[in-house]
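Beneath this line is the structure, given in structure tokens, with notes to follow.
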Amino acid sequence: MGESNWAGNHTYAAGAVLTPRTVDEVREAVAGASRVKALGSRHCFNDIADSPGGTLLDLSALDTGVEIGDGTVTVGGSARYGDFAEQLHAAGFALPNLASLPHITVAGSVATGTHGSGRRQPGLAAAVSALELVTADGGLRTFTRADPEFPGLVVGLGAFGVVTRLTLDVVPAFDVRQDVFDALPWEAAYRHFDEIEDAGYSVSLFTNWANDAIDLAWVKSREGAFTERGELFGAVPADGPRHPAHAAGITAGNCTPQQGVPGPWHQRLPHFALEFTPSVGDELQSEYFVPYEHATAAIAAVRELADLVSPLLLVSEIRAIAGDELWLSPCHGGDRVALHFTWQPRQAEVEAVLPVLEERLAGFGARPHWGKLFHDVRGDYPRLDDFRALAASLDPGGKFRNPFLDRHVFSGTG
């Protein structure tokens, strides 16, 4: 077929790609397929969205509109967060949080447990209050928080059907400022981790694990809530804009405005601006979630692998996420700290390192990001059997199954 994902590290093995323009066309395509999966922004770095020998539905042309209601917004599954954020803001509303990239689709983001940052901010899936799903027989069903299976459906990994619409909770619009600090001492990060995480609405730490200090502490604060300071536990204010991979010599041209200049939530919560290539561009990604109480110990454990990890890295990001009760969410059951790795495009070498990294993190109950590169699922998911049973109920013929789900969800792993 020749089509690949965003990073170019996976070529899809499906037999055909269809581009439905309406929900009815999605229903017809699903009903007529023996194997089928949906494609969004193609930002996953593995084969979670592939359907070898089957059909892929490119939903980029599916425009179901934006409906802003009382405390909610309803969008099509193919909508990217950056596509409707301005409209939402103009109506006086905001999403509670956004991921680093506004370029990703809502359906794909929530299905894989994607998140932003903030010790008291859950992942993006927690904002979903309803979803519309095309099931294996081409039927169209709507599920809400009132349905007992709803916590299993949201972070659904594409196992239940094709999500065509989602309703998200919104809050009143707010402004955010970004303040970046250079060279946070490691010892200060260990000793004051809670205080650093509480320094803003959203806090990210960027490192290559090998330098003598954490390269950047990136603090996003709601306007009026930032405490002016000359330093952050030894880190000093940056003298100019910073790219997360500043230590690798990458300039901040595609980043959202920093240096304390306030702006709308959707222009500050993401690290990268919608109109530019996100992140570095030519890269791979992995991410592991550990319980918040194990954060500093897990960080110290990764530092011990710096000689192995750092030569393959562009940058790593450390950030906290509030827990949720979504069955296969990486943050199910409690607050987590995510250790994110943006790798150079050297896949064979990265894949050789991942088992070592996962073995080091296994003792902390680490769970991988479903949409990024990982070797195995190690973390415990208490509702995994319920997820499998729900998939068997909604997709008894396995129309939405694929090798990724067979390896990591339905094989007994977990």
Side-chain angles (χ1 to χ4, degrees), residues 23-24 26-27 30-31 36-38 40 48-49 57 59 62 64-79 81 95-97 105-115 121-171 321-334 367 370-371 380-401 405 409-410 414:
V23 173
D24 283 344
V26 173
R27 298 177 65 183
V30 170
V36 63
K37 301 293 283 187
I48 189 172
L57 302 183
L59 300 184
L62 182 66
T64 56
V66 176
E67 298 176 10
I68 300 174
D70 183 16
T72 66
V73 61
T74 300
V75 300
S78 62
Y81 285 94
L95 295 171
N97 212 351
T105 63
V106 178
S109 300
V110 303
T112 55
T114 298
H115 59 95
Q121 307 304 319
L124 303 182
V128 179
S129 62
L131 59 82
E132 180 183 85
L133 185 72
V134 175
T135 53
D137 60 357
L140 190 66
R141 298 183 62 180
T142 298
F143 297 87
T144 73
R145 288 195 182 117
D147 296 306
E149 63 269 65
F150 188 74
L153 290 167
V154 182
V155 183
L157 313 184
F160 304 117
V162 177
V163 174
T164 48
R165 286 173 72 79
L166 304 97
T167 299
L168 310 175
D169 296 334
V170 297
V171 298
I321 308 102
D324 60 54
E325 294 304 319
L326 305 174
W327 295 355
L328 287 199
S329 165
C331 298
H332 176 269
R367 296 167 174 167
W370 293 108
D380 176 48
Y381 291 89
R383 302 299 299 271
L384 179 58
D385 286 344
D386 295 322
F387 184 95
R388 292 168 173 163
L390 182 57
S393 172
L394 289 174
D395 184 23
K399 182 173 288 192
F400 300 106
R401 295 273 288 266
L405 292 172
V409 178
F410 297 107

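Each residue takes its place number in the sequence, starting with 1.
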Would Leu384 and Val409 count as a side-chain contact (heavy atoms from CB on, under 4.5 Å) if you check the C-alpha gap in whole Å, the side-chain angles of each, and the deciding distance to 0.1 Å? CA-CA 8 Å; Leu384 179 58; Val409 178; 4.1 Å; yes

Heavy-atom closest pair, residues [X] and [Y]:
X      : Y      : value
Ala31  : Gly138 : CB-CA, 4.0 Å
Leu62  : Val23  : CD1-N, 3.7 Å
Ala322 : Cys331 : O-CB, 3.8 Å
Thr112 : Gly371 : CB-N, 4.2 Å
Ala159 : Ala391 : O-CB, 4.4 Å
Gly113 : Pro330 : CA-CD, 4.0 Å

Keeping to residues at least two apart or across chains, list the ring pair (Phe, Tyr, Trp, His ring centres under 6.0 Å) pairs with something in residues 129-157.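 Sorted pair list comes back empty.
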
Please determine whether side-chain contact (heavy atoms from CB on, under 4.5 Å) holds for the pair Leu394 and Leu153, giving the CA-CA distance in whole Å, both sets of side-chain angles, and the decisive distance to 0.1 Å. CA-CA 10 Å; Leu394 289 174; Leu153 290 167; 3.6 Å; yes

Working to the nearest 0.5 angstrom, can you tell me the gap between [X] [atom1] and [Y] [atom2]?
X      : Y      : atom1 : atom2 : value
Thr142 : Leu133 : OG1   : CG    : 9.0 Å
Arg367 : Ser329 : CZ    : OG    : 7.5 Å
Arg141 : Phe160 : CZ    : CZ    : 11.5 Å
Phe387 : Leu328 : CZ    : CG    : 4.5 Å
Thr74  : Ile68  : OG1   : CD1   : 10.0 Å
His115 : Ile321 : NE2   : CD1   : 4.0 Å

Non-neighbouring partners of Asn97 that pass side-chain hydrogen bond (donor to acceptor under 3.5 Å, both in side chains), sequence neighbours left out: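 side-chain hydrogen bond (donor to acceptor under 3.5 Å, both in side chains) check on Asn97 returns nothing, list empty.
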
Listed by chain and number, what are the side-chain hydrogen bond (donor to acceptor under 3.5 Å, both in side chains) partners of Thr164, not counting sequence neighbours?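 If we apply the side-chain hydrogen bond (donor to acceptor under 3.5 Å, both in side chains) test to Thr164, skipping adjacent residues, the hits are Glu132.
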
Okay, side chain of [X], backbone of [Y]: is any donor-acceptor separation there less than 3.5 Å?
X      : Y      : result
Arg383 : Pro151 : no
Lys37  : Phe400 : yes
Asp137 : Gly139 : yes

Identify the residue among Val155, Leu390, Val154 that makes a side chain to side chain contact (heavy atoms under 4.5 Å, CB included) with Trp327.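 Exactly one candidate clears the test, Leu390.
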
Of Val73, Leu131, Leu124, which is the lone residue that meets side chain to side chain contact (heavy atoms under 4.5 Å, CB included) with Leu168?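 Only one option passes, and that is Val73.
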
Under a 3.5 Å threshold, yes or no: a donor from one side chain and an acceptor from the other, between Thr105 and Ser78?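 No pair is found: no donor N or O on one side chain lies under 3.5 Å from an acceptor on the other.
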
For Arg165 and Thr64, which I'm curious about, is there any donor-acceptor pair between the side chains at under 3.5 Å?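 Per modelled atom types, Arg165 and Thr64 side chains form a pair under 3.5 Å.
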
If you measure from the Lys or Arg side-chain nitrogens to the Asp or Glu carboxylate oxygens, is any gap between Asp169 and Arg145 under 4.0 Å?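 A salt bridge is present here (some side-chain N lies under 4.0 Å from a carboxylate O).
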
From CA spacing to verdict: side-chain contact (heavy atoms from CB on, under 4.5 Å), Val106, Tyr81: CA-CA 6 Å; Val106 178; Tyr81 285 94; 3.8 Å; yes

Residues Thr144, Thr167; criterion side-chain contact (heavy atoms from CB on, under 4.5 Å); working and verdict: CA-CA 9 Å; Thr144 73; Thr167 299; over 6 Å; no

